[in-house]
Undergrad: 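A single structure is presented below for examination.
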Amino acid sequence: MKWDIYYSLKKDPDISAHVKNEIKFYEYPPTNSVEGIYIVIDPLDVPRPDDYADNQPLTDDYLFQIEVWGKDGSKVEEVAKTVRKVMGSIGFTQGSGVDEWDKETEVFRDARRYEGKFYDVKII
């Protein structure tokens, strides 16, 4: 699922226009040298089985945090909203999140959590 998210974000023209840095998994940019916009995909939990039939799980529940980092707060917000749109288009809904600004480094961070439930294609 994380690769589905990655490729969906990469192919979005609005994200491509703003994000010149690589979209990363797990790897956060060093806050003292942030240039441009960064996106970090962070799986927060392993897929959890759900919706059973004949004692077999039919679906997996996923929880991801997608973070947008940058020094331009309006661009960070704009990209984060585009991420929300892309995540919605592939079946995720936004849950909680954090909007932070680090005074020392002047870096904005918009971190949003997304949940999704998907059928296990090997079972159906």
Side-chain angles (χ1 to χ4, degrees):
M1 184 55 61
K2 70 182 177 184
W3 287 105
D4 292 339
I5 294 169
Y6 175 84
Y7 289 118
S8 296
L9 294 174
K10 289 283 284 185
K11 75 178 183 183
D12 184 86
D14 293 330
I15 290 176
S16 294
H18 293 294
V19 180
K20 303 304 180 203
N21 301 300
E22 189 65 35
I23 297 172
K24 303 275 187 177
F25 297 105
Y26 313 105
E27 191 176 327
Y28 293 88
T31 55
N32 58 348
S33 63
V34 167
E35 291 184 24
I37 301 292
Y38 292 80
I39 294 179
V40 179
I41 301 169
D42 196 6
L44 296 180
D45 199 357
V46 297
R48 290 169 285 141
D50 201 8
D51 297 325
Y52 289 80
D54 294 330
N55 270 346
Q56 295 295 316
L58 298 176
T59 60
D60 285 320
D61 288 336
Y62 291 87
L63 179 62
F64 286 91
Q65 182 163 292
I66 312 290
E67 299 196 18
V68 180
W69 293 53
K71 290 200 172 197
D72 183 335
S74 61
K75 279 194 175 140
V76 167
E77 183 178 351
E78 183 180 340
V79 171
K81 286 181 180 180
T82 304
V83 168
R84 180 179 60 206
K85 178 188 76 166
V86 170
M87 292 297 284
S89 75
I90 60 174
F92 282 88
T93 57
Q94 182 183 325
S96 63
V98 174
D99 184 12
E100 295 180 332
W101 179 68
D102 184 297
K103 183 178 180 180
E104 185 177 310
T105 61
E106 298 181 345
V107 171
F108 292 89
R109 173 180 163 257
D110 186 310
R112 300 177 188 203
R113 293 185 174 183
Y114 295 93
E115 297 177 76
K117 180 185 289 202
F118 300 91
Y119 282 96
D120 185 344
V121 293
K122 291 177 271 178
I123 294 175
I124 39 179

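Every value quoted in this text rests on a predicted model; they were computed, and no experiment measured them. Values below: every heavy atom of this structure, side chains too, minus hydrogens, waters and symmetry copies.
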Undergrad: Got a second to check how far Leu44's CG is from Gln65's CD, nearest 0.5 Å?
TA: 5.0 Å
Undergrad: Please determine whether residues Val107 and Val68 belong to a single hydrophobic cluster, defined as Ile, Leu, Val, Met, Phe, Trp and Tyr linked transitively by side-chain heavy-atom distances below 4.5 Å.
TA: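 No, because Val107 and Val68 fall into different hydrophobic clusters, even though each may have its own neighbours under 4.5 Å.
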Undergrad: Of all heavy-atom pairs between Asp14 and Asp12, which one has the smallest distance, and what is that distance?
TA: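 Where Asp14 meets Asp12 most closely, the heavy atoms are N-OD2, 3.0 Å.
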Undergrad: Mind listing the closest non-hydrogen atom pair of Ala53 and Leu58 along with its distance?
TA: CB-CD1, 3.7 Å
Undergrad: Going only through I, L, V, M, F, W and Y residues with side-chain contacts under 4.5 Å, is there a path from Met1 to Tyr119?
TA: no
Undergrad: Could you give all pairs that pass the salt bridge (charged side-chain N to carboxylate O under 4.0 Å, His left out) test and reach residues 59-75, with sequence neighbours left out?
TA: Glu67-Arg109
Undergrad: Nearest 0.5 Å please: distance from the CD1 atom of Ile90 over to the OH atom of Tyr7.
TA: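 Those atoms lie 13.5 Å apart.
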Undergrad: Taking the side chain as everything from C-beta on, heavy atoms only, tell me whether Ile41 gets closer than 4.5 Å to Leu9.
TA: yes
Undergrad: Counting only heavy atoms not in Lys85, do more than 12 sit closer than 6.0 Å to its NZ atom?
TA: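 Above 12, so yes.
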Undergrad: Can you tell me if Glu104 has over 12 outside heavy atoms packed within less than 6.0 Å of its CD?
TA: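 No.
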Undergrad: In the structure I gave you, are the side-chain heavy atoms of Lys2 and Tyr62 within less than 4.5 Å of one another anywhere?
TA: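 Lys2 does not reach Tyr62 side chain to side chain.
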Undergrad: Distance from Glu77 atom CD to Asp99 atom CG, nearest 0.5 Å?
TA: 7.5 Å
Undergrad: Output the distance between atom CD1 (Ile23) and atom CD1 (Ile5), rounded to the nearest 0.5 Å.
TA: 11.0 Å
Undergrad: Does any non-hydrogen side-chain atom of Val34 lie less than 4.5 Å from one of Thr105?
TA: no
Undergrad: Donor-acceptor pair, distance only, cut-off 3.5 Å: does the side chain of Ser89 make one with the backbone of Val86?
TA: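 Yes; at least one donor-acceptor contact below 3.5 Å.
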Undergrad: What I'd like to find out is whether the side chain of Arg84 reaches to under 4.5 Å of the side chain of Met87, using heavy atoms alone.
TA: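 Of all side-chain heavy-atom pairs linking Met87 with Arg84, none is under 4.5 Å.
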Undergrad: Distance from Phe118 atom CZ to Thr59 atom OG1, nearest 0.5 Å?
TA: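 These two atoms lie 10.5 Å from each other.
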Undergrad: Under the ring pair (Phe, Tyr, Trp, His ring centres under 6.0 Å) rule, collect the residues that match up with Phe25, sequence neighbours excluded.
TA: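 Phe25: ring pair (Phe, Tyr, Trp, His ring centres under 6.0 Å) contacts with Trp3, Tyr6.
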Undergrad: Would you say Ser16's side chain and Lys11's backbone share a donor-acceptor pair under 3.5 angstrom?
TA: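 No; zero donor-acceptor contacts below 3.5 Å.
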Undergrad: Are Val79 and Val76 joined in one hydrophobic group, where the rule is that I, L, V, M, F, W and Y side chains link up if heavy atoms are under 4.5 Å apart?
TA: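 Per the 4.5 Å side-chain linkage, Val79 and Val76 are co-clustered.
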Undergrad: Atom CD in Glu78, atom CD1 in Ile15: separation rounded to 0.5 Å?
TA: 10.5 Å
Undergrad: Val83, Tyr26: one ILVMFWY side-chain cluster at the under-4.5 Å cut-off?
TA: yes
Undergrad: Do Ile37 and Ile66 belong to the same hydrophobic cluster, where Ile, Leu, Val, Met, Phe, Trp and Tyr are linked whenever their side-chain heavy atoms lie under 4.5 Å apart, directly or via other members?
TA: yes
Undergrad: Angle between ring planes, Phe92 versus Phe64, binned at 30° and 60°: parallel, tilted or perpendicular?
TA: perpendicular
Undergrad: Can you pull the side chain to side chain donor-acceptor pair (under 3.5 Å) pairs that have at least one residue in residues 34-46, sequence neighbours excluded?
TA: Tyr28-Asp42, Asp45-Arg48
